[in-house]
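Worksheet for the structure shown next.
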Amino acid sequence: NIAEKSSKKWAYFHDDSLRKESDTMKMAVELKQALEQNKLALYHQPQIDLKTLRVCSSECLIRWSNTQGEFIPPTVFIPLAEDIGLINSITLWVIKTALKQQKHLIDEYGYNHMVSINISGKDIAREHFFLDVISIIEASEIPADKIIFELTESASFSSNKQTIELIEKLRDIGITISIDDFGTGYSSMSQINTLSFQELKVDRQFVENIDADPKRKVITKATVEMAKGLGLEVVAEGINSKEDENILRGFGCDIGQGYYYAKPMAFNDYIDWLNRLDHGRIVDGLTGEFIP
Ligand code: C2E
Ligand code: MG
Ligand code: MG
Ligand code: MG
């Protein structure tokens with residue numbers, strides 16, 4: 001009886017893990033097809049200069065809906081792409097698309113803010129990445145000093161000699177290097193010490209609803225102070241309210257990003273959103289008034 005029960009249990013787990021594995025394989029095949037058939041999309045979320053309240057940059061965020069129309073979050077398929085060796089092609093597609101859209105914003109509308117692109121640790125580990133980036137930038141006619149690469153500290157990101165050299169080469173041609181989700185990685189302090197970044201993004205877990213949380217205030221204030229002391233530009237992710245914004249501005253944070261200003265938008269919606277601003281200044285989404 002017990003044996004029967006436990007073998008059933010085993011069979012259940014066994015089936016389940018097989019099903020999971022085949023789901024993952026199916027997703028991998030579909031993702032590859034989506035990339036080849038140009039069915040991925042790039043959304044834009046504005047970043048706001050907290051001194052002038054003007055849009056100073058846009059973070060490009062990848063979006064994918066599979067053939068059944070289900071939305072798959074990037075937190076699911078980016079790690080998958082890293083596992084199956086597809087991340088390099090995805091990243092190059094993202095950079096190409098981001099710069100093409102940037103060119104469109106300049107040529108058609110005269111907007112000329114920075115463009116911020118997420119780069120995987122796996123990209124940085126690949127030696128040919130630098131040459132690929134150079135050729136995309138050259139073809140795009142976008143100056144490299146308008147481009148920010150956001151790197152997330154993660155297991156796939158090791159600060160070895162080769163990585164450090166590649167990051168320095170990217171900096172040398174004018175790209176701004178930003179450390180993303182600061183505070184959530186396993187070696188934040190060590191990385192900030194060994195790698196040369198120009199921008200630091202405080203993770204949203206320290207920023208969201210900061211007004212109601214004394215602990216977050218202490219952590220974030222200290223992080224901003226440290227970053228400013230190191231001469232870095234500081235971005236706060238996850239600004240959700242006027243209160244969040246005021247607190248971060250009070251700490252000396254340079255740039256804000258979050259649902260308070262705007263959620264990530266499809267490119268056309270992003271253009272409409274920009275067009276509704278007053279000379280690049282943001283207005284309160286709820287009241288329609290200028291955010292002072
Ligand atoms: P991330 O780079 O830290 O991007 C910020 C994430 O926070 C985005 O999630 C954005 O939609 C979300 N966010 C922004 N403001 C708020 C807010 O006020 N509240 C809340 N709750 N969320 C906010 P998303 O687009 O789902 O992306 C998740 C992660 O996936 C990104 O985190 C990044 O690590 C990765 N990712 C997205 N696009 C790409 C890409 O093109 N390439 C690579 N390598 N990774 C990407
Ligand atoms: Mg990012
Ligand atoms: Mg982030
Ligand atoms: Mg994040």
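Both ligands and their constituent atoms are indexed starting at 1 by order of listing. Values in this document were obtained by computation on a predicted structure and should not be read as measured data.
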Considering only heavy atoms, does Q45 approach ligand 1 within less than 4.0 Å through its side chain, its backbone, both, or neither? side chain
Any idea which part of D180 is under 4.0 Å from ligand 1, heavy-atom wise: side chain, backbone, both or neither? side chain
Flag E59 as yes if one of its N/O/S atoms falls below 2.8 Å of the Mg ion (ligand 3), otherwise no. no
Show the atoms of ligand 1 that are less than 4.0 angstrom away from any heavy atom in V94. 41 (O)
Using a strict cut-off of 4.0 Å, indicate which atoms of ligand 1 neighbour a heavy atom of G238. 17 (C), 18 (O)
Could you pull out all donor-acceptor pairs under 3.5 Å where a side-chain atom in residues 136-150 meets a protein atom, sequence neighbours excluded?
from, atom 1, to, atom 2, distance (Å)
S140, OG, I137, O, 2.7
S140, OG, I142, N, 3.0
K146, NZ, N112, O, 3.1
E150, OE1, K201, NZ, 3.2
E150, OE2, S116, OG, 2.8
E150, OE2, K201, NZ, 2.9

Output field for angle at the Mg ion (ligand 3), D181.OD1 vs D180.OD1, rounded to 10°, should show 100°
Distance-only donor-acceptor pairs under 3.5 Å for side chains of residues 23-35, two or more places apart:
from, atom 1, to, atom 2, distance (Å)
T24, OG1, K20, O, 2.8
E30, OE2, T67, OG1, 3.4
K32, NZ, E36, OE2, 3.3

Q37, CD: over 12 other non-hydrogen atoms inside 6.0 angstrom: yes
Counting heavy atoms only, name the option from [options] that's nearest to [atom].
{"atom": "atom 46 (C) of ligand 1", "options": "I90, N118, V207", "answer": "N118"}
{"atom": "atom 24 (P) of ligand 1", "options": "P74, S178, A236", "answer": "P74"}
{"atom": "atom 4 (O) of ligand 1", "options": "E59, K122, E150", "answer": "E59"}

Hey, is ligand 1 close enough to P264 that some N/O pair sits below 3.5 Å? no
Hey, what's the ring geometry for H104 with Y109, parallel, tilted or perpendicular (30° and 60° as the breaks)? perpendicular
